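Every value quoted in this text rests on a predicted model; they were computed, and no experiment measured them.
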Amino acid sequence: MTLRGSQKYSVPTDHATPPDRVRAEELRRHDIELELLTGPLQGLYDPSGHGAALFAFFAGMAGSEREYIREKSLEGQASARECGRHGGRPEVFDDDMIACARTLRERGVAVPDIAGKLVVPAGKNTGRHPSVAGAYRILAGGDPVQAAD
């Protein structure tokens with residue numbers, strides 16, 4: 001399947017209009033045609049002519065497929081949660097490390113030195129020191145930092 005037209009176009013999106021409808025309207029406006037190269041529907045289709053039904057069909061199918069994938073992803077996440085598995089990266093800083101870092105900072109220790117004194121307790125970086133940027137984030141009161149890949 002290919003799209004043929006005389007110019008490139010960009011599709012503006014707003015959250016009130018479904019993206020497939022926006023794309024079909026943009027294709028019509030720019031005189032872009034759909035060309036099916038193989039299969040039983042082989043040929044050239046104009047979105048404003050007799051090809052409008054085909055465009056609408058493809059838009060509907062794309063929307064249905066997108067919704068199906070979203071539903072299955074959410075079901076998989078819910079199933080994993082029920083089994084005690086949670087997505088995301090493991091936290092680098094535990095509560096004890098955060099308390100230790102804040103105590104050292106109150107004593108006037110420089111942040112790079114604080115990062116050098118802390119040790120990651122679990123995960124793939126066990127026994128290594130957290131990053132200086134991570135130490136700055138926890139000292140600023142941000143969320144605990146998650147491990148990098």
Side-chain angles (χ1 to χ4, degrees), residues 1-39 45 47-48 51-52 54-149:
M1 178 167 54
T2 62
L3 294 175
R4 292 179 20 167
S6 59
Q7 59 185 354
K8 290 187 177 185
Y9 66 97
S10 61
V11 179
T13 57
D14 60 3
H15 298 290
T17 307
D20 298 322
R21 174 174 280 154
V22 171
R23 281 190 203 103
E25 290 172 6
E26 284 294 313
L27 293 173
R28 275 189 215 104
R29 188 175 311 136
H30 292 288
D31 294 322
I32 306 254
E33 298 173 327
L34 173 68
E35 181 180 16
L36 298 177
L37 300 174
T38 61
Y45 295 91
S48 58
L54 190 61
F55 272 78
F57 172 76
F58 284 146
M61 291 301 294
S64 296
E65 184 176 8
R66 188 172 41 253
E67 185 61 29
Y68 176 77
I69 290 170
R70 182 178 175 278
E71 287 175 5
K72 289 299 178 184
S73 294
L74 292 175
E75 286 176 14
Q77 290 170 0
S79 174
R81 266 192 303 277
E82 289 173 3
C83 294
R85 295 187 308 264
H86 303 282
R89 296 177 175 176
E91 293 184 357
V92 172
F93 295 97
D94 59 14
D95 292 335
D96 292 336
M97 286 178 65
I98 294 171
C100 178
R102 289 186 177 148
T103 302
L104 290 171
R105 187 63 181 149
E106 288 171 2
R107 293 183 184 164
V109 178
V111 176
D113 295 334
I114 293 172
K117 292 180 182 190
L118 299 175
V119 178
V120 177
K124 107 176 169 182
N125 293 321
T126 301
R128 296 178 66 192
H129 302 287
S131 69
V132 176
Y136 273 110
R137 279 192 294 270
I138 63 162
L139 292 170
D143 293 333
V145 179
Q146 295 179 335
D149 288 335

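- For the pair Ala135 and Val111, the tightest heavy-atom approach, listed with the atom from each and the gap, is CB-CG1, 3.8 Å.
- Shown here is Glu71, whose CD atom has more than 12 heavy atoms of other residues, nucleotides or ligands within 6.0 Å.
- The backbone N or O of Val132 lies less than 3.5 Å from no partner atom in the side chain of Arg137, so there is not a single donor-acceptor pair.
- Summarising the geometry, atom CZ belonging to Arg102 is positioned 9.0 Å from atom CD belonging to Glu106; distances are rounded to the nearest 0.5 Å.
- In this view, Ala110 and Pro112, Asp113 satisfy the side chain to side chain contact (heavy atoms under 4.5 Å, CB included) rule, not counting sequence neighbours.
- A donor-acceptor pair is defined here as one N or O able to donate and one able to accept, closer than 3.5 Å; no such pair exists between the side chain of Ser79 and the backbone of Glu75.
- We find the CD1-CG distance between Ile114 and Leu139 to be 5.0 Å, quoted to the nearest 0.5 Å.
- Residues satisfying the salt bridge (Lys or Arg N to Asp or Glu O under 4.0 Å) test with Glu67, not counting sequence neighbours, are Arg70.
- Side-chain N or O atoms of Asp94 include one that pairs as donor or acceptor with a backbone N or O of Met97 at under 3.5 Å.
- Nearest heavy-atom pair, Phe93 versus Pro130, reported as atom, atom and distance to 0.1 Å: CZ-CB, 3.5 Å.
- Within the model, atoms CD1 of Ile69 and OG of Ser64 stand 11.0 Å from one another, a figure rounded to the nearest 0.5 Å.
- In this structure, the side chains of His129 and Leu118 stay at 4.5 Å or more apart for every pair of heavy atoms.
- Between the side chain of Arg105 and the main chain of Val109, a donor-acceptor pair closer than 3.5 Å is present.
- Contact of the Asn125 side chain with the Val92 side chain is not registered, since no non-hydrogen atoms from C-beta on lie closer than 4.5 Å.
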